[in-house]
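Presented below is the structure to which this report refers.
Note on naming: letters A, B, ... go to the chains in the order of the sequence lines (proteins, then strands), and numbering restarts at 1 for each one. Values reported hereafter were calculated over all heavy atoms of this structure, with side chains retained and with hydrogens, waters and symmetry mates removed.
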Amino acid sequence: MDDKKYIKLIQSTNIAEYSNIKGMIILKPYGYKIWENIKKILNNLLIKNKYKNVYFPLLIPKNLLNIEYKFIKKIPKELAIVKYTKLKMSNKTKTLKIDKKSKLNTEYIIRPTSEVVIWDTFKKWIETYRDLPILINQWANVVRIEMRNKMLLRNSEFLWQEGHTAHNNKINAILEINKIKKIYKKLIKNYLSIPFINGYKTKTETFPGAKKTYTFETLTKIKGKSIQLATIHFLGNNFSRMFNVKFVNKDGKKKYVYGTSFGISTRLIGSLIMIHNDNNGLLLPPLIAPIQVIIIPIINKINKNKIYSYIKQIKKKISNKIKLKIDKNNNITPGQKFYKYDNMGIPIKILIGNFEFLNKQILIIRRDTFKKYKIKFKNNINGKLLKILNNIQKNIYKLAKKNMYNKIKYIKTYKDLKKNIQKKNGFFITNWSIKDNMKNEIKIKKKLKNSIRCIIKNKKKGKCILSGNNTNNLVVFGKSY
RNA sequence: CGGGGUGUAGCGUAGUCCGGCUUAACGCGCCUGGUUUGGGACCAGGAGAUCACAAGUUCAAAUCUUGUCACUCCGACCA
């Protein structure tokens, strides 16, 4: 799907629209509902795994970023900075302007992410090994003033989930990361029906302050560009050293705390749209869809009441676990409704008209294949719907997986890599020695206009396509969004 | 941050080059009434725009000049 179609689809389905602020969008009810569904699923998974939800401040004092800078030596950019508290009327232009006298003693940064505030707080929360582990999560908005935006995929403000953990040693931190990996895999594969590859980032793309950044990457349907779906950071004891977060262990010795952080964002909605679509519009996985089944009555003046009461009876047969809506809007014709709900990606349509009423049956049309099912009223309608929904959920994943796998190529030589990258976008997997090519990475990125999306550990050794040395690493090249 | 594009009714556009046939047009949508309703219905009537903003040129500006603002696209950047 090209970018224009992608934006059109977001707008025509009422998922989101542009706001008057550059790079910031308005999530409309349908889009926000999708986000709430994602949120609910992940939130439950985290709570089951002993996470507690928290909320930290939106503003970060500049001095905290200074502490971080001294440690990681990287100047943070893309920030929104708060300096003043008052406006005043300009007599000249009769408009409001900043009252320079109201300058704050402390300048604040609107959070681009919350590690520094959280670790500054962990210092207060952690004294002994008994205080560990800490597993917290926050649902919040963050701001990164990006120079270039793409609706839902790269916004200057977005909603996300950020998990932060603190542990008594490295092993426990890594075990936690494995747990989160499983949770994210479940969310992305089982619920969002999005196929992915996962691995870890190269040094240049690792989150500053992290020892290792794990990533989940997928490919868009038509263009074959890669999208990062989720990220997990192993922080080691970097942030505890920055903010001097120590605990007393059983031996009475003071030790640095180990940490992790991880997140997913509203970018997942953009990913859903990029990946699950066809000529008829969006195709939502049933487990995410705000409406799973839409009943469209086909009526005329004479049979109107009969059909509505027939629909009432049908509704009684459907469990309230299925998200059902009946569209009784008389102002638009059934035809228009078919197009509308297909475009919105509603998994199942049920048509009820004179024919169904007279034959005591219903007509089911599934969104992914447009296959029709005629089901008798006396039969198990609820069971049939559940079965089809389940089937659509799996089929959507299968379609997306097939599509992604068609764009994955195993590459044996550098020449081959160059040739394939020029031809088409996709994932190009190849043996690559991270150690040998560290210095080359940026050069190669510029040359190929593709970057290493992630590194995968390989059990077998292979020959690096650049240095020729044996390596355990496979890397995945791709063009990022 | 560099280079392009755009800004006219809720949405999508025409008109701008070459100022006046403009009382600013068209399609969708909206309102009223009626007929319809099985894959984007039709008829009749109606409402809705200081043409992004500001200044200038002119008898006359959506149209020309200058400036400002906003969004967007392409590249650089991107925790």
**Message:** Using a 4.0 Å heavy-atom cut-off, does Asp342(A) contact any base of the nucleic acid, only the sugar-phosphate backbone, or nothing at all?
**Reply:** base
**Asked** Got a sec, which residues hit side chain to side chain contact (heavy atoms under 4.5 Å, CB included) with Lys39(A), two or more places apart in sequence or on another chain?
**Response** Tyr32(A), Trp35(A), Trp139(A)
Show me the donor-acceptor pairs, under 3.5 Å and distance only, between side chains in residues 442-449 of chain A and residues at least two apart or in other chains.
none

**Request:** Please tell me which of Arg144(A) and Pro334(A) maps to the more 5' nucleotide of RNA chain B, matching each residue to the nucleotide holding its nearest heavy atom.
**Result:** Pro334(A)
**Request:** Pick the C1' atom in G5(B) and in G27(B), then give their distance to the nearest Å.
**Result:** 24 Å
**Message:** Tell me if a side-chain donor or acceptor on Ser265(A) pairs with a main-chain N or O of Arg267(A) at a distance below 3.5 Å.
**Reply:** yes
**Request:** For U63(B) versus A14(B), give the span between their C1' atoms, rounded off to a whole number of Å.
**Result:** 14 Å
**Prompt:** Is it true that His167(A) and Tyr258(A) have ring centroids separated by less than 6.0 Å?
**Reply:** no
**Prompt:** Contact class for Lys446(A) (heavy atom, under 4.0 Å): base, sugar-phosphate, or nothing?
**Reply:** sugar-phosphate
**Request:** May I have all residue pairs that pass side-chain hydrogen bond (donor to acceptor under 3.5 Å, both in side chains) and include part of residues 357-382 of chain A, sequence neighbours excluded?
**Result:** Asp278(A)-Arg367(A), Gln361(A)-Lys376(A), Arg366(A)-Asp368(A), Arg366(A)-Thr369(A), Arg366(A)-Tyr373(A), Arg366(A)-Asn391(A), Asp368(A)-Asn395(A)
**Asked** Mind checking the C1' distance from U66(B) to C73(B)? Whole angstroms is fine.
**Response** 26 Å
**Interface with RNA chain B, restricted to residues 63-75 of chain A and to heavy atoms under 4.0 Å** = Glu68(A), Lys74(A)
**Message:** Counting only heavy atoms and a strict 4.0 angstrom limit, can you tell me which residues of residues 351-367 of chain A come near RNA chain B?
**Reply:** Leu351(A), Gly353(A), Asn354(A), Phe355(A), Glu356(A), Leu363(A), Ile365(A)
**Asked** What interatomic distance, in whole Å, is found between C1' of A44(B) and the corresponding atom of U36(B)?
**Response** 15 Å
**Asked** How does RNA chain B look in dot-bracket notation if pairs are Watson-Crick or G-U with both distances under 3.5 Å, crossing ones as [ ], other-strand ones as |?
**Response** ((((((((.[[[[.)....(....]]]].((((((.....)))))).....[[[[[..)....]]]]])))))))....
**Asked** If only atom types and distance count, is the side chain of Ser102(A) paired as donor or acceptor with the main-chain N or O of Thr85(A) below 3.5 Å?
**Response** yes
**Prompt:** Residues two or more places apart in sequence or in another chain: which of them pass ring-ring contact (aromatic ring centres under 6.0 Å, His included) with Phe477(A)?
**Reply:** Trp432(A)
**Fill in**
Heavy-atom nearest nucleotide on RNA chain B taken for Lys150(A) and for Ile299(A); more 5' hit belongs to Ile299(A)
**Asked** Looking across every strand, which nucleic acid part, if any, lies under 4.0 Å from Phe207(A) by heavy atom: base, sugar-phosphate, or nothing?
**Response** base
**Complete:** Note: chain A reaches RNA chain B at heavy-atom distances under 4.0 Å over the stretch, first to last nt, 5' to 3', of C1(B) to A79(B)
**Asked** Expressed in whole Å, how much space separates the P atoms belonging to G20(B) and A62(B)?
**Response** 10 Å
**Asked** Counting only N and O atoms by type, is there a donor-acceptor contact under 3.5 Å from the side chain of Asn155(A) to the main-chain atoms of Leu152(A)?
**Response** yes
**A25(B) and G15(B), which share atom name C1', separated by this distance in whole Å** = 8 Å
**Request:** Check whether any side-chain N or O of Tyr51(A) sits under 3.5 Å from a backbone N or O of Thr165(A) as a donor-acceptor pair, and report yes or no.
**Result:** no
**Message:** Working to the nearest 0.5 angstrom, can you tell me the gap between Tyr6(A) OH and Met151(A) CE?
**Reply:** 8.0 Å
**Asked** Looking for any heavy atom pair under 4.0 Å, which part of the strands does Arg148(A) touch: base, sugar-phosphate only, or nothing?
**Response** base
**Request:** Give every residue pair that meets the ring-ring contact (aromatic ring centres under 6.0 Å, His included) criterion with at least one member in residues 341-361 of chain A, sequence neighbours excluded.
**Result:** Tyr310(A)-Phe357(A)
**Prompt:** How would you list all residue pairs meeting side-chain hydrogen bond (donor to acceptor under 3.5 Å, both in side chains) that involve residues 421-430 of chain A, not counting sequence neighbours?
**Reply:** none
**Message:** Any base atoms under 4.0 Å from Glu146(A), or only sugar-phosphate, or nothing? Heavy atoms, all strands.
**Reply:** base
**Message:** Please report the distance separating the C1' of U72(B) from the corresponding atom of U50(B), rounded so that it comes out in whole Å.
**Reply:** 26 Å
**Item:** P atoms of C64(B) and C18(B), separation to the nearest Å
**Value:** 8 Å
Output a table of donor-acceptor pairs, distance under 3.5 Å, between side-chain atoms of residues 62-80 of chain A and any protein atom two or more places apart or on a different chain; print 'none' if there are none.
{"from": "Lys62(A)", "atom 1": "NZ", "to": "Glu107(A)", "atom 2": "OE1", "distance (Å)": "3.2"}
{"from": "Lys73(A)", "atom 1": "NZ", "to": "Lys70(A)", "atom 2": "O", "distance (Å)": "3.3"}

Side chains of residues 290-303 of chain A: which donor-acceptor pairs under 3.5 Å do they make with residues two or more places apart or in other chains?
{"from": "Gln292(A)", "atom 1": "OE1", "to": "Lys323(A)", "atom 2": "N", "distance (Å)": "2.8"}
{"from": "Gln292(A)", "atom 1": "NE2", "to": "Pro286(A)", "atom 2": "O", "distance (Å)": "2.9"}
{"from": "Asn300(A)", "atom 1": "OD1", "to": "Ile302(A)", "atom 2": "N", "distance (Å)": "3.1"}
{"from": "Asn300(A)", "atom 1": "OD1", "to": "Asn303(A)", "atom 2": "N", "distance (Å)": "3.0"}
{"from": "Asn303(A)", "atom 1": "OD1", "to": "Asn300(A)", "atom 2": "N", "distance (Å)": "2.9"}
{"from": "Asn303(A)", "atom 1": "ND2", "to": "Asn354(A)", "atom 2": "OD1", "distance (Å)": "3.3"}

**Request:** For Pro76(A), report the nucleic acid contact type (base, sugar-phosphate, nothing); a contact means any heavy atom under 4.0 Å.
**Result:** base
**Asked** Do the numbers put Lys317(A) on top of the ring of Phe377(A), so that NZ or CZ is under 6.0 Å from the six-membered ring centre and no more than 45° off the axis?
**Response** yes
